[in-house]
Protein chains: 2
Amino acid sequence: MRDALVAAAFRLFLERGYEQTTVDDIVALAGVGRRSFFRYFPSKEDVVFPDHERCLADMTAFLAAGSEDDPVRRVCDAARLVLLMYAENPAFSVQRYRLTKSVPGLRAYELSVVWRYERALAGFLRDRFAGLPDGVLRADVIAAAVVAAHNNALRSWLRSDGKGDAEAAVDHALGHVRAAFGAGPVAAAGEGPGDVVVVVSRRGAPLWRVVQELETALGRG
Amino acid sequence: MRDALVAAAFRLFLERGYEQTTVDDIVALAGVGRRSFFRYFPSKEDVVFPDHERCLADMTAFLAAGSEDDPVRRVCDAARLVLLMYAENPAFSVQRYRLTKSVPGLRAYELSVVWRYERALAGFLRDRFAGLPDGVLRADVIAAAVVAAHNNALRSWLRSDGKGDAEAAVDHALGHVRAAFGAGPVAAAGEGPGDVVVVVSRRGAPLWRVVQELETALGRG
DNA sequence: GTACGGCGTGCACTGAGTGCCATCAGTGGC
DNA sequence: GCCACTGATGGCACTCAGTGCACGCCGTAC
């Protein structure tokens with residue numbers, strides 16, 4: 001029933017446009033009652049993004065489950081889950097992309113979906129950075145950067161009709177973020193019994209990362 | 001007339017909530033015709049953000065006007081314009097913040113407004129980075145980071161009822177972004193013999209002192 | 001058979017947003 | 001004084017998304 005509604009909706013959206021299609025048209029084509037539509041989709045916009053709810057749950061679970069040394073890497077991996085969802089069904093994703101690009105209402109709705117992903121990532125980072133100076137700020141900024149990089153790669157893949165290697169593009173884009181925020185000092189040696197800590201860093205490395213490494217080395221993580 | 005509508009709308013929104021207030025209620029209180037409301041505000045949500053259109057135009061003009069050596073600095077300055085708009089009328093901004101925080105529909109609308117700011121910043125950076133490798137990606141990521149940092153500072157200022165120094169908070173937040181992205185990738189990669197910094201610290205040394213030393217060593221006073 | 005809970009459906013209603021036309025003030029030309 | 005013209009406003013009717021409610025259908029338990 002859900003699938004039938006989605007199929008009918010997309011057929012009409014592509015045929016005559018999103019705003020020119022009423023919910024009555026959709027349910028008529030799908031052969032179900034109008035009231036049932038709103039049982040499966042809280043709004044007309046939701047039928048365009050039928051799988052984001054599940055994907056968001058997957059991401060939340062992924063973040064809650066594993067723990068890695070580098071939270072930035074973990075968050076990048078979480079973002080990749082979204083790409084995988086899009087890549088599961090390239091034809092559908094490309095159609096939807098064209099739709100959302102041209103309909104302001106859908107673009108606004110997509111923003112709120114992306115926002116929820118971003119908040120999930122930021123929440124994870126906030127926990128990891130708790131106690132660090134400006135931890136919340138860093139978490140928010142890194143989450144925004146990860147989402148922006150991911151979306152940049154995703155959108156160019158969608159613009160090319162799903163041709164090309166989406167995973168490689170996203171990896172490349174996220175690599176930039178990790179270079180800016182994730183790759184900190186080359187080394188930090190402070191684990192030994194002595195009372196001296198040595199940190200080696202490249203010039204231009206992000207200060208936050210250096211400080212984080214320092215704190216760990218100094219025993220304040 | 002615009003102002004009268006905004007005033008009436010906010011009075012009712014605060015009194016009985018956004019969703020419990022109909023457009024008819026607003027125009028009745030303002031003493032104007034219902035049709036006139038939609039002449040001034042394309043939707044009920046727009047009355048909550050009556051000055052963003054102007055602010056967006058200001059930002060676009062600001063970006064189009066001046067040219068500075070460092071595009072990242074320019075973009076950060078542009079973001080400050082938004083803060084200034086909020087700071088112009090702290091009481092109103094705080095009220096609106098409470099409203100948008102608690103009403104999902106308004107939060108979604110705000111996202112689309114923020115998105116337009118972000119696209120303005122990203123567009124500026126895309127022009128400046130045109131031709132550079134991954135220029136578009138870099139532009140999008142930096143714009144997102146700037147917006148996230150700005151919003152982080154802005155929101156904590158709003159949460160504190162407009163007490164405290166908003167400008168300082170935003171400057172601090174944007175400083176982090178400029179620290180991460182201000183020095184371009186070429187400089188960050190480091191060339192020449194002096195691109196490695198070694199810091200030696202005693203365990204138990206005050207962290208702020210270590211950071212101070214680091215900043216000096218990394219060339220970021 | 002009967003009671004019950006879940007699912008789909010029809011109906012009526014609210015409220016946002018729009019198109020169309022009437023009204024009215026201000027303005028310039030004659 | 002009179003007449004067009006223009007722009008801002010108001011009123012009215014309409015579409016359509018979304019909701020609350022109650023009804024019917026069906027499979028299961030007892």
Side-chain angles (χ1 to χ4, degrees), chain A residues 1-50 52-54 96 99-100 102-113 116, chain B residues 1-54 96 99-100 102-113 115-116:
Chain A
M1 161 91 61
R2 249 183 88 92
D3 298 342
L5 283 169
V6 171
F10 266 81
R11 197 171 136 199
L12 291 172
F13 291 164
L14 296 175
E15 207 171 272
R16 62 175 95 158
Y18 176 80
E19 274 150 356
Q20 281 64 46
T21 304
T22 70
V23 174
D24 293 278
D25 295 336
I26 299 171
V27 296
L29 180 59
V32 301
R34 166 185 164 76
R35 201 64 185 77
S36 298
F37 179 93
F38 289 103
R39 257 188 228 303
Y40 285 94
F41 304 100
S43 79
K44 185 183 167 192
E45 285 133 349
D46 282 285
V47 81
V48 180
F49 306 91
H52 272 80
E53 214 61 40
R54 176 185 59 76
R96 173 167 62 190
L99 213 52
T100 56
S102 61
V103 180
L106 289 179
R107 209 166 44 206
Y109 186 87
E110 192 185 35
L111 286 174
S112 74
V113 174
R116 294 175 63 194
Chain B
M1 161 93 55
R2 248 184 88 92
D3 296 343
L5 283 170
V6 172
F10 266 81
R11 195 170 138 200
L12 291 173
F13 291 164
L14 296 176
E15 206 170 275
R16 61 173 95 159
Y18 176 80
E19 274 148 357
Q20 281 64 47
T21 305
T22 70
V23 174
D24 293 275
D25 296 336
I26 299 170
V27 297
L29 181 60
V32 300
R34 169 185 162 75
R35 199 67 185 78
S36 297
F37 179 93
F38 290 103
R39 254 187 248 297
Y40 285 93
F41 305 99
S43 80
K44 186 183 167 191
E45 284 133 349
D46 283 286
V47 80
V48 181
F49 305 92
D51 37 12
H52 271 79
E53 213 62 39
R54 176 185 58 75
R96 173 166 63 189
L99 213 53
T100 57
S102 61
V103 180
L106 289 179
R107 209 168 43 207
Y109 187 88
E110 193 186 34
L111 286 174
S112 74
V113 174
W115 180 79
R116 294 175 64 195

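In what follows, chains carry the letters A, B, and so on, assigned in the order in which the sequence lines appear, proteins first and then strands, with residues in each chain numbered from 1.
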Between atom [atom1] in [X] and atom [atom2] in [N], what is the gap in whole Å?
| X | N | atom1 | atom2 | value |
| --- | --- | --- | --- | --- |
| A:F41 | D:dT19 | CZ | P | 15 Å |
| A:L106 | D:dA17 | CG | C1' | 14 Å |
| A:F37 | D:dA17 | CZ | C1' | 10 Å |
| A:Q20 | D:dT15 | CD | P | 16 Å |
| A:D46 | D:dG18 | CG | C1' | 12 Å |
| B:F38 | D:dC14 | CZ | C1' | 14 Å |
| B:D24 | D:dC12 | CG | C1' | 13 Å |
| B:R2 | D:dA8 | CZ | P | 14 Å |

- Task: Indicate the ring-plane relationship of A:H52 and A:F49, choosing parallel, tilted or perpendicular according to the 30° and 60° boundaries.
- Result: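 Rings of A:H52 and A:F49: perpendicular, as their planes differ by over 60°.
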- For the side chain of B:R96 and the backbone of B:V48, is there at least one donor-acceptor N/O pair under 3.5 Å apart? yes
May I ask you to test the [X]-[Y] pair for a side-chain heavy-atom distance under 4.5 Å?
| X | Y | value |
| --- | --- | --- |
| B:F10 | B:V6 | yes |
| B:Y40 | B:V47 | no |
| A:R16 | A:L12 | yes |

- Task: Tell me whether the guanidinium CZ or amine NZ of B:K44 lies under 6.0 angstrom from the six-membered ring centre of B:Y18 and within 45° of its axis.
- Result: yes
- Message: What does the B/S/- profile of nucleotides 8-13 of chain C look like, 5' to 3', with a 4.0 Å heavy-atom cutoff to protein?
- Response: BBBB--
